[in-house]
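Worth knowing before you read on, the calculation uses all heavy atoms, side chains too, and leaves out hydrogens, waters and symmetry mates. In the text below, chain A, chain B and the rest are named by the order of the sequence lines, each starting its count at 1.
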Amino acid sequence: MYEKVETSLNFTQREKNIEKFWQENNIFQKSIDQREKNNMFTFYDGPPTANGKPHIGHVLTRVIKDMIPRFQAMKGYQTVRKAGWDTHGLPVELEVEKLLGLDGKEQIEKYGIEPFVKKCKESVWKYKGMWEEFSRTVGYWADMDDPYVTYDNKYIESVWWALKTIWEKDLLYQGHKIVPYCPRCGTPLSSHEVAQGYKDVKERSAIVRFKVKGENAYFLAWTTTPWTLPSNLALCVNPEVMYVKAKSGDYTYYLAETLASKVLGEDFSVLEKLPGKELEYKEYEPLYPFAIGKIKKKSFYVTCDDYVTTADGTGIVHMAPAFGEDDSRVCRKYDIGFVQFVDAKGCLTEETDWAGVFVKKADPLILKDLAEKGLLFDAPNFEHSYPHCWRCDTPLIYYARESWFIRMTAVREKLIRNNDKVNWIPPTIGKGRFGDWIEHVQDWGISRNRYWGTPLNIWECECGHQHSIGSIDELKAMSDNCPDNIELHRPFLDTVTIKCPKCGGKMHRVPEVIDCWFDSGAMPFAQWHYPFENKELFEKTFPADFISEAVDQTRGWFYSLIAISTLLFDKPAYKNVIVLGHVQDKNGQKMSKSKGNAVEPMEALQKHGADAIRWYFYENSAPWLPNRFHDDAVQEGQRKFLGTLWNTYAFYILYANIDKFNPSKYELDYENLPVMDKWLLSRLNSLIKSVDANLSAYRVTETAKSLQDFVDELSNWYVRRSRERFWGKDMTEDKINAYMTLYMALSTFIKLAAPMIPFITDTIYQNLVRNSYTDANESVHLCDFPTANEAYIDEELEKNMQLVLEIVSLGRAARNTANIKNRQPIGQMFVKAPFVLDAFYKAIVADELNIKNVDFKDDMEKYLAYSFKPQFKILGPKAGRQINEIKKVLASLNGHAAKEELDKNGSLKISLSGGAFTLVREDVEISVTQTEGFATETYNKVVVAIETTLTPELIEEGFVREIISKIQTMRKENGFEVTDRIKVCVDGNEKIASILKRNCTDIQKIVLADSIESGKLEGFSKEWNINGEKVILYVK
RNA sequence: GGGCCUAUAGCUCAGCUGGUUAGAGCGCACGCCUGAUAAGCGUGAGGUCAGUAGUUCAAGUCUACUUAGGCCCA
């Protein structure tokens, strides 16, 4: 016996039960252990930080990340899924600073690095519990008991190994990096911090004259930061842009052609036009002498780069390599020197005339000085948005800092090659956003001047020698003051010195820690402490078969993974990646706490249940598109899909319990099944094929849609059509067939859907399958994914049934137009379709539409008229611009005559203003327009016509159907059980009473009545209006 | 400021290499059906396919620009 099924849709409670069941019985672990060790499917989990709360977007990533491995596990692969935590980095430090009331690096150092780092370590677990509960609730299966943690000594040791390997390949070097820098706090800011502090400011910019060497002319260059002019080393033009040499007043200038009139006014004459490329390497005289002698490399000439625009300014940009990302890059490209006449406090240095003056204060002084020297062309006011420190409101400066880089430019070709091996979903990201990014890859600045992170494993000697340590053992071997239980963090490592292999001197570690993106990109090997342990395991699980994160990770994790795997192994770190769109609110706006439109994920899960939310994300739209999330949308899918599935299951259980039916006692007798059952099994097996193919190819939405369509047809066609087969008292062959077919459909379907909606499918499985078969697997998630039985797939059958559905739909429409309700039988229906159905299907149509006769007819002329339209796709290229006239002529043709001509000659002649034109059959589209006496409907190539005149016999039958329906309604309203037998009485209408009498045998049988009498008034009563006849019915 | 993505019915989304009446689901109105169903079926109202210009016999679809939103980078 099955457990009785609640028809309530209270999914959340049932999900909690399943969650508990999984936990108590280690279902997740079993799903891994039961599979063959050498048959692996690898998934890498991108680590979240547990010092931030999960938000609704994490539901999307988790449900996608969860579903694919569940599917592969059922396909027979061992699918190891290790959870991970990202624990290092500036966000953690900032959180702790806030907590401790600290502000800036000075205060941190005063507070003490050791206690600070300790706090950081605690802080990262702030929301761990919440994350775990969240993961359990959405049904995210990953090994949470033994996760990888990026701050773990073993993890760091693996990262060190990687860094040392890179160091030994000579791909790790020191250089300058331009960072947004707060001169007051003495610290660079992350882009996230910079973004918080943009403000519109009005400043004076400068257009400066740079004297061309050996030529009586000047370059006009524009800058918004005059304080960088003393550090000028080069100019830059766009090689593609046209420049002019123009005479204006006493001066001759070079500047961009399109900006000349804006800058010089109307009064100038063009002496020469030339592309920027021809200005390359032209030398000029330095504005200031400060740098002369300080630099050995050749400087003070014009460079080319396409970052220069002609949006404003002069089209010539002044370059100070210490103060701008582009400046720095271009100067490196041209091998120009480097000077930085601004100190760490943001003041100009001794070398200049304004020593100790803060940069922003120096601006007017420098402008004045240039004006006096006749080098200032103009100093226009300029309004722009400029970043300020979010802490202290000081204007930020872009400032070169000593920094460590990984030479990604050296492995660019390899990166591109490896990226080509990745299956990006959608492919456009791999080619576009990501492909372009690595096409222009820059060296990776990996050092951070902070405290809480993986320490950079480079030791430096006074003699200049540098050494990279690759393991704890190596450190201990080279050091005489390394504690036994050394923790690989600041400040503990800062005091550990090693002996210089070159000079024997003391080597100290450099102060930097590394970018935490390097940590997360190292997880393929660091999660297993490779190469110190688990060598074989790593090799088996690299590269990953599948990863998935949101689109913002393109230059984050997606990049760091492939960057590191390319550097170390020259392989991509993953084979398939689904890139997910962001979750937005109802109006397509970004969700944020400040806007108050953020959806609390736990609340949403509580309200709708995990399956409903999962389903929404699978079904709603392609995963990479932005998802608008709101309650109503989730409810829709829940009702339509989960509700329908549940009800179909409840239907089966209801009747199987009445009949004490157990599928294990029977065999499915395929050969002798009725067509309806064969159709369902064919649909089912086609579905298996398509779901398997789609999920194997990571096509999520397509899978969801096909599952949804199947449930719809299962419930609203198969079950609805087959309902009566379950009603009879005896266990007939037909009833067994129906049970077996429905059981097979349901029990197979839940396996197909299990990866997507793991809770409801297991709930159903526990009752439906485990109560049918004592030897069934413990959980649906331990089952093998179904394989299609090709012998059951009958495409012809599915095609026929499809036509039945279309005809039925048209028939209903025709009834509607004729205003004849469904209970009123109709005598005749004619159908024209591309192919003819045999008697069985016609019977379904007849029954479904309550029509006595259904016949196929090719010649429908009696009931219809034709109209003609050009078949544009074919006729368009042939007819060209005549096509509009053809359309007009066709519309005015006599349909019947034209049809006849076309049928007879195979062609149709029409006359146009330009002469006669001959159309063949393929050139025109013929459609049906009119009706006469019959109600007709048409769609695609199917036409139906129903007879609208009714005979007295048909009308009487209509009454019988009405009466039965009313009695059934009364049974239901008055709480009779399905099997109860009743007595029926009728009163108040002779016509109805006589109809009842004439048809009492049929009616009694259907409504389970022992007797039908008139006059004797017993039981529940209700007055009805049946086709205009008032009558009172009684049931008892 | 630069690159990329998105914009189609009140809402959520389809719309293949351009083909003329732009579809589906939800919601709404009316009607039908229903002894599993919180469902189902039909009809109707509801669209300047974000805007402008262009290519073409033909543009939701291709091109350019603009607007709004998003992501990444400055």
Side-chain angles (χ1 to χ4, degrees), chain A residues 5 7-9 178 180 191 194-195 306-307 309 311-312 324-326 384-385 387 398 426 428-429 432-434 436-437 440 550-556 581-582 584 586-590 616 619-622 624-630 632-633 635-640 643-644 646-655 701 705 708 712 715-717 719-720 723 726-727 808-817 819-823 848 850 869-887 927 937 965 968-969 971-973 976-979 1006-1008:
Chain A
V5 174
T7 46
S8 83
L9 298 181
I178 309 296
S191 57
V194 175
D306 54 18
Y307 97 92
T309 67
D312 37 26
E325 180 80 53
D326 291 307
H384 63 154
S385 109
Y398 286 88
T428 45
I429 293 199
R433 183 183 279 217
F434 193 77
D436 293 346
W437 158 252
H440 299 110
V551 62
D552 56 352
Q553 293 299 326
T554 313
R555 288 170 192 191
H582 282 112
Q584 302 173 334
K586 202 172 178 158
N587 305 313
Q589 302 280 312
K590 184 182 171 167
Y616 171 74
E619 192 268 344
N620 178 55
S621 68
W624 52 87
L625 295 175
N627 273 282
R628 297 188 181 189
F629 186 89
H630 54 108
D632 301 345
Q635 251 152 17
E636 189 181 321
Q638 182 181 54
R639 270 215 313 276
K640 208 173 150 43
T644 308
W646 188 258
N647 283 320
T648 310
Y649 153 69
F651 173 90
Y652 170 87
I653 298 291
L654 176 68
Y655 285 98
T701 320
K705 296 258 195 253
Q708 181 158 294
D712 182 57
S715 169
N716 293 316
W717 187 246
V719 174
R720 193 163 58 77
R723 228 172 348 189
F726 297 91
W727 289 349
V808 165
S809 169
L810 288 171
R812 288 206 187 98
R815 263 183 175 280
N816 233 314
T817 3
N819 208 9
I820 303 172
K821 60 163 102 177
N822 247 18
R823 288 203 202 91
E848 187 69 20
N850 196 16
K869 251 190 343 189
Q871 190 65 256
F872 286 94
K873 206 162 187 171
I874 293 160
L875 199 54
K878 271 197 243 175
R881 60 179 78 234
Q882 284 176 297
I883 197 153
N884 285 322
E885 200 186 346
I886 295 176
K887 183 181 169 189
S927 54
E937 289 290 332
S965 160
Q968 297 286 38
T969 307
R971 281 186 62 119
K972 196 177 181 182
E973 278 174 3
F976 290 96
E977 287 298 315
V978 179
T979 47
I1006 294 170
V1007 302
L1008 298 182

Using the C1' atom on both, measure B:rG31 against B:rG47 and round to a whole Å. 26 Å
Taking B:rU56 as the reference, what is the distance to B:rC62 when you measure between their C1' atoms (whole Å, please)? 10 Å
Whole-Å distance separating the CH2 atom of A:W717 from the P atom of B:rU34: 15 Å
Hey, is the side chain of A:S715 pairing donor to acceptor with the base of B:rA39 inside 3.5 Å? no
Could you tell me how far apart A:N850 (CG) and B:rG42 (P) are, to the nearest whole angstrom? 17 Å
Judged by nearest nucleotide, the residue sitting upstream toward the 5' end of RNA chain B, A:A622 or A:N716, is A:A622
About how many Å separate OG1 of A:T644 and CG of A:N716, when rounded to the nearest 0.5 Å? 6.5 Å
Does the side chain of A:N620 get closer than 4.0 angstrom to OP1 or OP2 of B:rC13 through an N or O atom? yes
To the nearest Å, how far apart are A:Q708 CD and B:rC13 C1'? 12 Å
Phosphate OP1/OP2 of B:rA36 contacted by A:R723 side-chain N/O (<4.0 Å): yes
Could you tell me how the ring of A:Y655 sits relative to the ring of A:F726: parallel (under 30°), tilted (30 to 60°) or perpendicular (over 60°)? tilted
Gap separating the CG atom of A:N647 from the CG atom of A:L654, nearest 0.5 angstrom: 11.0 Å
Whichever of A:W624 and A:F651 has its nearest RNA chain B nucleotide further upstream toward 5': A:W624
Integer-rounded Å distance: B:rC73 P and A:D326 CG: 15 Å
Report the distance from atom CG of A:D712 to atom P of B:rU37, rounded to the nearest whole Å. 17 Å
List for me each residue that meets side-chain hydrogen bond (donor to acceptor under 3.5 Å, both in side chains) alongside A:R720, sequence neighbours excluded, and say none if there are none. A:E848
Between B:rG60 and B:rG51 - C1' atom distance, rounded Å: 14 Å
Any chance you could measure A:I653, atom CD1, to A:W646, atom CH2, to the nearest 0.5 Å? 9.0 Å
Quick check against the 3.5 Å criterion: does A:D712 have a side-chain atom that pairs as donor or acceptor with the backbone of A:Q708? no
Mind checking if A:V808 touches a base, just sugar-phosphate, or nothing, with heavy atoms under 4.0 Å? nothing
Side-chain atoms of A:L625 come closest, of B:rA39, B:rU6, B:rA36, to B:rU6
Which dot-bracket notation, 5' to 3', represents the base pairing of RNA chain B when pairs are defined as Watson-Crick or G-U with both distances under 3.5 Å, crossing pairs as [ ], and inter-strand pairs as |? (((((((..((((.....[...)))).(((((.......))))).....(((((..]....)))))))))))).
If only side-chain N and O atoms of A:Y655 are considered, is one of them under 4.0 Å from the OP1 or OP2 phosphate oxygen of B:rA36? yes
Would you check, one step at a time, whether the test side chain to side chain contact (heavy atoms under 4.5 Å, CB included) holds for A:Y652 with A:V5? CA-CA 10 Å; A:Y652 170 87; A:V5 174; over 6 Å; no
Whole-Å gap separating P (B:rA14) and NZ (A:K705): 8 Å
With rounding to whole Å, what would you report as the distance between B:rA9 and B:rG23 at their P atoms? 14 Å
Which of these nucleotides, B:rU6, B:rA36, B:rC71, is closest to any side-chain atom of A:V551? B:rC71
What's the gap between B:rC28 and B:rC11 when it is taken at their P atoms, as a whole Å value? 15 Å
Whole-Å distance separating the CD atom of A:E619 from the C1' atom of B:rC13: 9 Å
Value in whole Å for how far the C1' atom of B:rU37 lies from CG of A:N647: 4 Å
Rounded distance in Å between the C1' positions of B:rA7 and B:rG15: 15 Å
Euclidean distance for P, B:rU48 against B:rU43 (whole angstrom): 23 Å
Can you check the distance between B:rA22 and B:rG10, where both ends of the measurement are the P atom (answer in whole Å)? 15 Å
